Protein chains: 2
Amino acid sequence: MSRNNAGLSRERILIEALHIIAGRGLGGLSMRRLGDALEVEAMAIYHHFPLGKEQLFNSIAAYVASPSPTGAAFHDEVGQDGEEQTEVEEQAVADERPWDQRLTTWAEAYRERLLTYSGALSLLAHRAPRTPNSATTWALMRHAFDEAGLAGEDIERAADALHSYCIGSVVHQVRHSGHDDEDALDAREWAARFRFGLRSLLRGLV
Amino acid sequence: MSRNNAGLSRERILIEALHIIAGRGLGGLSMRRLGDALEVEAMAIYHHFPLGKEQLFNSIAAYVASPSPTGAAFHDEVGQDGEEQTEVEEQAVADERPWDQRLTTWAEAYRERLLTYSGALSLLAHRAPRTPNSATTWALMRHAFDEAGLAGEDIERAADALHSYCIGSVVHQVRHSGHDDEDALDAREWAARFRFGLRSLLRGLV
DNA sequence: ACCTGAACACCGTTCAAGT
DNA sequence: ACCTGAACACCGTTCAAGT
């Protein structure tokens, strides 16, 4: 059974890892199981992630936290080329709506993404990916908060607060849902609460 | 070396676990290492945490997220008796300051606690402890937001938003500090940013 | 370059046994 | 009741070997 060139790639590995996490949780992801799912010996993964599981985790975190699925996380973690998300940038610039609507759109997309990969949420607690996308996001924030009348340090602080609120909301939701609770909320109510807090925060920031 | 009755207890195990997490990270906490630190065979821990590591993790999460270190997490995870934190309740009731100052005090204490045990932060992403303290916190929130003029569902939503912001801020800080970054922030600036967002959120909520 | 297979040190947990 | 010690199935990773 000496099958060589199994067609492995960083992208395939990452996708399969997310699949396993979705199905069996983060604790269910082992190199051996990942190898099985890819129909490959576990050790083959180390050729694409030489630093092992830690590097795989970093890539997963980068992929999940990436506000748009451009696939930037598939390549190097420190992406020095910023060509591939020009579409996103143009899209953000072309958006003619008021600043708060632009930020709301961004925040809801970010929340949606975190929620989609909520099984990997705990990976984000200790890993800050430096994806090309984070620069794009920062540009969007600066532009919007500038338009809102903020200046200097306040812009960074407002962007930080918005980020914090988004990730915190998802953590809060994941923490408190799925428990056989007498007062369990459904997805619609969670989304409503998110928007309520988001509106409040944006109103208070300016 | 058949030493029996090593004086093990839930509390001692929990404290030692937090110690290991602080020193070597969450991944460095193994039952065997924990046993070594307690000068006991690893299997002795199972007598106090019959459900194993998962139960230990739940207890750690309950302890860390507990807004006041009353030791409630040492006993059962579903604490049905609420006698031990009457002091906290009385203290909260006796607080005569305006509602926003009371919430600010709570939020900063909560943040401080999460930051102290930041190594266990990722445990909070999937575990919602039902400690006696959470009832106390809820009472404090309801009282404060009621005084602020909120009513009905808005009180729950505001409390959720405040919780989300606090935990999100700590996750955000932990994510982005400790990386040899050109623009690394110090503890004072992180605290300032937290207060900035907190003030904004409270202002926007009412 | 890309993957295999054996090996090593470690892990969580069960279970019978000791006191 | 409280702890030990051996055992089992699993884990991440290294390293020499195959193509």
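Throughout, protein chains are lettered first and strands after them, A, B, ... in sequence-line order, and every chain is numbered starting at 1. Note: hydrogens, waters and symmetry copies are ignored here, and every other heavy atom, side chains too, is used. What you are looking at is a predicted structure, and each value in this text was computed from that prediction instead of being measured.
In the set D/dC2, C/dC3, C/dA6, the nucleotide with an atom closest to the side chain of A/Met43 is C/dA6. For B/Glu41, taking side-chain heavy atoms from C-beta onward, the closest of the listed nucleotides D/dG5, C/dT13, D/dC11 is D/dG5. When the nucleotides C/dG12, D/dG12, C/dT4 are ranked by their closest atom to the side chain of A/Lys53, D/dG12 comes out on top. Comparing C/dC3, D/dG5, D/dG12 against the side chain of A/Val40 picks out C/dC3 as the nearest. For A/Ala6, the side-chain atoms get nearest to C/dC3 when compared with the rest of C/dC3, C/dC11, C/dT4.
By the salt bridge (Lys or Arg N to Asp or Glu O under 4.0 Å) test, B/Arg142 is found to be paired with no residue, residues two or more places apart in sequence or in another chain being considered. In this structure B/Glu41 satisfies the side chain to side chain donor-acceptor pair (under 3.5 Å) test with no other residue, sequence neighbours excluded.
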* Could you provide the dot-bracket string of DNA chain D, using ( ) for intrastrand pairs, [ ] for crossing pairs and | for bases paired to another strand, with Watson-Crick or G-U pairs below 3.5 Å? => ||.|||||...|||||.||
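To the nearest 0.5 Å, atoms CZ (B/Arg113) and OH (B/Tyr63) are separated by 5.0 Å.
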Donor-acceptor contacts under 3.5 Å from residues 21-38 of chain A side chains, at least two apart:
unit_1, atom_1, unit_2, atom_2, d
A/Ser30, OG, A/Arg33, N, 3.0
A/Arg33, NE, A/Gly28, O, 3.0
A/Arg33, NH2, A/Gly28, O, 3.0

Donor-acceptor pairs under 3.5 angstrom involving side-chain atoms of residues 117-127 of chain B: please list them, not counting sequence neighbours.
unit_1, atom_1, unit_2, atom_2, d
B/His126, NE2, A/Ser118, O, 3.4
B/Arg127, NE, B/Leu123, O, 3.3
B/Arg127, NH1, B/Glu54, OE2, 2.5
B/Arg127, NH1, B/Asn58, OD1, 3.3

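Looking at residues 22-32 of chain A, you'll see A/Leu29, A/Ser30, A/Met31, A/Arg32 sit with a heavy atom under 4.0 Å from some atom of DNA chain D.
Remark: side-chain polar atoms of A/His176 are paired, donor with acceptor, to backbone N or O of A/His172 under 3.5 angstrom.
Distances shown here put every side-chain N or O of B/His48 at or beyond 4.0 Å from the OP1 or OP2 atom of D/dA1.
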